[in-house]
S.K.: 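Please read through the structure below; I'll follow up with questions.
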There are 2 protein chains.
Amino acid sequence: MISVAIIDDHKILTEGLVNLIDESGIATVIGVAHSATDCRLSLGFWKPDVLLLDVGLPDVSGVDFCKEVKAQFPKINVLALTTHNEYAIVRQMLDNGASGYLVKNAMADEVLAGIEAVAAGRTFLCHEIDLLMKRPSSKNIWLSPRERELLRLISEGLTNGEIAEQIFLSPETIKGYRKNLLLKLGAKNTAVLVKMAVEQKLI
Amino acid sequence: MISVAIIDDHKILTEGLVNLIDESGIATVIGVAHSATDCRLSLGFWKPDVLLLDVGLPDVSGVDFCKEVKAQFPKINVLALTTHNEYAIVRQMLDNGASGYLVKNAMADEVLAGIEAVAAGRTFLCHEIDLLMKRPSSKNIWLSPRERELLRLISEGLTNGEIAEQIFLSPETIKGYRKNLLLKLGAKNTAVLVKMAVEQKLI
DNA sequence: AATTAAACCCCCCCTTTGGGGGGTAAGTAC
DNA sequence: GTACTTACCCCCCAAAGGGGGGGTTTAATT
């Protein structure tokens, strides 16, 4: 029997999930938390095989929390369960050690299949995310850490000069990054750049 | 007994909701749809007292769908149930005829209280949204239709000249709107303006 | 009926920033 | 060895944005 812990702030959803999993016969829910803080207190005690993790937690980002969990309990297999279907989020979760990724409108059987797969040490992506990750790479934008930092500063409204001051570079270098970001994202100008950054959760 | 229809693409959530409502004794679920298209086909037949409506539907915006439903079936009381906690979304839903608004991490009893209230013709906001709507109005930004249109065009990367051409105004007028938007949203420049627009769902 | 508020529209001047076009070069990961 | 990241530099001009100044129409409040 696979032991599962759930962390999600949507109480109605977790209730449904507990039912679904407990009645499946393949797994059993040994704990539910509604925030990362709650979870931290109990996780070491629960020691679940699989952790169903929402990305939109109220207190910390699920992306960061995944990293934290994997660092502390490498044996726990994290299965992301979220509404986000953006490449950047999936990619970050997987990079941070998640074993699988489900979108919340997935079918119930995909949840069970995902739990089984990650418990067995395999990776699992639900159908929608599998398609997403296999798209032509031109649509799946990935930025270097430095580029993400620049994009964040640009989105906050800093000018090239202000950014240069803040990260100790020449304004000309910042300009270079800016050009590159526009090119990479295919954005016409800063407005589109920022829109894409927020919409695609690049920052 | 209050009759309730649910429209939400998160299948696990709807299952939980059906249980919750049916077991409450105050209401009964007479139909579930996973998209607006599905719902349109059945709504006239179901004729529910209350429609639990998700805003993030896969096919159309819940905001638009609410308007559509209220136009066709004014007697159905729409209760929004969604993850969005942005002022602009709540405001639009209420303007489009919704009787209540719940965020998805609300407690189960708030869902039932909401159903009871809107079925009785009252309006209902869950605690979190009630607080949100009562914030000092400086934090709850509301734009005129024209301003929203301008903001949309700016976010799409059009220059003042291009916008002027498209909506048959002088570029100077566009400039005026731009200034006003920056002032109204307290944004330093276009980058911040666009970021706020996307994050606060103003467009 | 008069006032007010808000949305809506237009014009001037001026400075800073953004963005298009070229480059170069070190470090490191595959 | 070659591809990627990070880092830096030049010129040029169109656009954004800060500061003024006008004005109309429409709806609500007094």
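As a basis for the values below, the full set of heavy atoms in this structure was taken, side chains included, without hydrogen atoms, waters or symmetry mates. The sequence lines fix the lettering, A, B, ..., with proteins before strands; numbering per chain opens at 1. Since we're looking at a predicted model, the values are computed, not measured.
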S.K.: Identify whether the distance between the nearest side-chain nitrogen and carboxylate oxygen of A:E162 and B:K188 falls below 4.0 Å.
M.R.: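 Looking at B:K188 together with A:E162, the answer is yes, because their closest N to O distance falls below 4.0 Å.
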
S.K.: For D:dG17, does the base pair up with any side-chain atom of B:K188 as donor and acceptor (N or O, under 3.5 Å, distance only)?
M.R.: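 No such pair is found, so the answer is no.
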
S.K.: Tell me: CZ of A:R178 to P of D:dC8, nearest whole Å?
M.R.: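 It is 17 Å, rounded to the nearest whole Å.
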
S.K.: Nearest-nucleotide wise, let me know which of A:T159 and B:R146 is further upstream toward the 5' end of DNA chain C.
M.R.: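 Nearest-nucleotide comparison on DNA chain C picks B:R146.
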
S.K.: Write down the distance between CG (A:L143) and P (D:dT6), rounded to a whole number of angstrom.
M.R.: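 It works out to 10 Å between those atoms.
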
S.K.: For a quick test of reading the model, state the closest non-hydrogen atom pair linking B:I115 to B:V50 and the distance between them.
M.R.: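 Minimum heavy-atom separation between B:I115 and B:V50: O-CG2, 3.9 Å.
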
S.K.: Using only heavy-atom distances, decide whether a donor-acceptor pair under 3.5 angstrom links the side-chain of B:K175 to the base of D:dG17.
M.R.: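 Answer yes: a donor N or O sits under 3.5 Å from an acceptor.
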
S.K.: Considering only NZ, NE, NH1 and NH2 on the basic side and carboxylate oxygens on the acidic side, decide whether B:K11 and B:E15 come within less than 4.0 Å.
M.R.: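 No, B:K11 and B:E15 are not salt-bridged.
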
S.K.: Rounding to a whole Å, what distance do you find between B:I174:CD1 and C:dC8:C1'?
M.R.: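 These atoms are roughly 11 Å apart.
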
S.K.: Whether the side chain of A:D38 engages the backbone of A:A33 through a donor-acceptor N/O pair (distance < 3.5 Å, no angle test) should be reported.
M.R.: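 Checked: no pair found.
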
S.K.: Which whole-number value in Å describes the distance from B:L150 CG to C:dC8 P?
M.R.: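 For the pair B:L150 CG and C:dC8 P, the rounded distance is 9 Å.
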
S.K.: With a cut-off of 6.0 Å (strictly less than), are more than 12 heavy atoms of other residues, nucleotides or ligands near CD of B:E165?
M.R.: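 Check fails, neighbour count at 12 or below.
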
S.K.: Select from B:T173 and B:N189 the residue whose nearest nucleotide in DNA chain C is closer to the 5' end of that strand.
M.R.: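 Between the two, 5'-proximity favours B:T173.
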
S.K.: Rounded off to whole Å, could you give me the OH-to-P distance for the A:Y177 and C:dG18 pair?
M.R.: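 Distance check: A:Y177 OH to C:dG18 P gives 17 Å.
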
S.K.: Should A:N160 be listed as having a side-chain N or O under 4.0 Å from OP1 or OP2 of C:dG18?
M.R.: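 For C:dG18, OP1 or OP2 has a side-chain N or O of A:N160 closer than 4.0 Å.
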
S.K.: B:I163 CD1 to D:dG17 C1': how many Å, rounded?
M.R.: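 Rounded to the whole Å, the gap is 14 Å.
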
S.K.: For the pair made of CG in A:L182 and C1' in C:dT17, what is the distance, rounded to whole Å?
M.R.: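 Checked: the CG to C1' distance equals 13 Å.
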
S.K.: Tell me the interatomic distance from A:E147, atom CD, to D:dA7, atom C1', rounded to whole angstroms.
M.R.: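 Atom-to-atom, A:E147 to D:dA7, this comes out as 13 Å.
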
S.K.: Check whether any side-chain N or O of B:S144 sits under 4.0 Å from OP1 or OP2 of C:dA6, and answer yes or no.
M.R.: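 Negative; the distance criterion is not met.
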
S.K.: What about A:K179: does its side chain form a donor-acceptor pair under 3.5 Å with the base of C:dG21?
M.R.: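 Under the 3.5 Å cut-off, the side chain and the base do form a donor-acceptor pair.
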
